[in-house]
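To keep things clear, I will list the structure first and then write my remarks on it.
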Amino acid sequence: MVNGVTADYLDKDGCLHCGICGKRKQMKVNLMGFEHVVSCLCECEVKARQELDEKMQREEAQRLLYQRKSVGLRERRFWEWKFENDNGSNQKIIIARQYVENWTDMKRKNVGLLLMGPVGTGKSFFAGCIANALLEQGERVMMTNFSKILNEMTSYQADKNQIIQNLVDYPLLIIDDLGIERNSEFALEQVYNVIDSRYCKMLPLIVTTNLGLNEMKSTDLDTAHQRIYSRILEMCVPIYCGGEDKRKEEGTEKLVQVQSLITG
């Protein structure tokens, strides 16, 4: 034993054995009438190699996940919107879990979701949970909003058709905060082009919005808005995310924490 580790040893045939598992690390073979000593792996070495391979596979999986999230979740805050971070305040989150569990069928049947409700009721978190869960399963997902898409389209030498094609290529596209984008003729045309392109490709879409269902179905809307909302309602199942404004609740909790620190 050397420094607490059992040393390797030779057997009666002169072949090396592992001092830990006792298995051969060498063996004798006869090749063309001559005896040769060849190396082989003992159980310890086999296990060590398997563990190294598994570690490398985990690291590669993490690298690919980071790459998918860096591309698909443009805002870093989206990365934390995961099921394990849910505080239980939105009872509809079970629908998000079911959507992920049945993703193969959702994708095949082109089932999208329209997440509706007032500001701060967890719509974006709901969508982010779906995005993160699918990304962790190896799926490609894009979560963005039309303000960012339109800014990209109006940048120098932007190829609008290529930008739309890139968005269509994602198995799942999530549009956050529909309705905050500018309402110019160009903007509305591009919003429709993105949505309609996915409709034609039969690829699912998830949309979050502060707009109400009656607003989206109103006959008082202009033609541009009517055709955008009509297409979304064809593609997406409306889900109302009601409840209190989470942002106000979080702000109140932080205020209480600050006050306790000051008075404590």
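Side chains included, hydrogens not; waters and symmetry mates left out as well; all remaining heavy atoms used.
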Straight-line distance of Thr154 OG1 to Ile149 CD1, nearest 0.5 Å: 12.0 Å
Transitive ILVMFWY side-chain link Leu64 to Leu135, under 4.5 Å: no
Non-hydrogen side-chain atoms of Leu172 and Tyr99 separated by less than 4.5 Å: yes
Residue pairs involving residues 105-133 (criterion salt bridge (charged side-chain N to carboxylate O under 4.0 Å, His left out); sequence neighbours excluded): Asp105-Arg108, Lys107-Glu139
Which residues share a salt bridge (charged side-chain N to carboxylate O under 4.0 Å, His left out) with Lys69, sequence neighbours left out: Glu136
Heavy-atom closest contact (Trp81 atom, Asn132 atom, distance): O-ND2, 3.0 Å
Cluster link Met202 to Ile175, ILVMFWY, side chain under 4.5 Å: no
Considering all heavy atoms, the nearest Ser197-Ile164 contact: OG-CG2, 3.6 Å
Backbone of Pro204 reached by a side-chain donor or acceptor of Arg198 within 3.5 Å: yes
Residues in salt bridge (charged side-chain N to carboxylate O under 4.0 Å, His left out) contact with Glu60, at least two apart in sequence or another chain: Arg63
Spacing of Gln62 atom CD and Arg58 atom CZ [to the nearest 0.5 Å]: 9.5 Å
ILVMFWY network linking Met56 to Leu41, side-chain heavy atoms under 4.5 angstrom: no
Gln190 CD to Lys160 NZ distance, which is reported to the nearest 0.5 Å: 6.5 Å
Smallest separation among heavy atoms of Glu215 and Leu221, with atom names: O-CD1, 3.3 Å
Minimum-distance pair of heavy atoms, taken over all atoms of Ile232 and Met216: CG2-CE, 4.3 Å
Atom OH of Tyr66: over 12 foreign heavy atoms under 6.0 Å: no
Path from Val194 to Val71 over hydrophobic side-chain contacts below 4.5 Å: yes
Stepwise side-chain contact (heavy atoms from CB on, under 4.5 Å) test for Gln226 and Thr223: CA-CA 5 Å; Gln226 279 188 20; Thr223 303; 5.5 Å; no
Hydrophobic cluster membership, Leu178 vs Leu213, 4.5 Å side-chain cutoff: yes
Student check: side-chain heavy atoms of Leu203 and Leu173 closer than 4.5 Å: no
Name of the residue among Val207, Leu211, Leu114 meeting side chain to side chain contact (heavy atoms under 4.5 Å, CB included) with Tyr229: Leu211
Distance-only polar pair, side chains of Asn166 and Gln162, donor-acceptor under 3.5 Å: yes
Check: Phe126 and Ile93 side chains under 4.5 Å, non-hydrogen atoms: yes
Heavy-atom side-chain contact between Leu134 and Gln137 under 4.5 Å: yes
Closest approach of Ser70 to Trp79 (non-hydrogen atoms, all atoms of both residues): N-CZ2, 3.6 Å
From CG (Leu115) to OG1 (Thr208), nearest 0.5 Å: 6.5 Å
Other residues, nucleotides, ligands: >12 heavy atoms within 6.0 Å of Lys92 NZ: yes
Distance-minimising heavy-atom pair for Phe125 and Lys82: CZ-O, 3.5 Å
Stepwise side-chain contact (heavy atoms from CB on, under 4.5 Å) test for Asn145 and Glu75: CA-CA 11 Å; Asn145 60 53; Glu75 296 186 37; 4.1 Å; yes
Leu52 atom CG, over 12 foreign heavy atoms within 6.0 Å: yes
Distance in Å, Asp86 CG paired with Arg97 CZ, rounded so as to fall on 0.5 Å steps: 6.5 Å
Check against side chain to side chain donor-acceptor pair (under 3.5 Å), Asp53 and Gln57: CA-CA 6 Å; Asp53 287 344; Gln57 289 172 7; 6.0 Å; no
Separation between CD1 of Ile130 and CZ of Phe83, rounded to the nearest 0.5 Å: 6.0 Å
Donor-acceptor under 3.5 Å (Asp8 side chain, Leu16 main chain): no
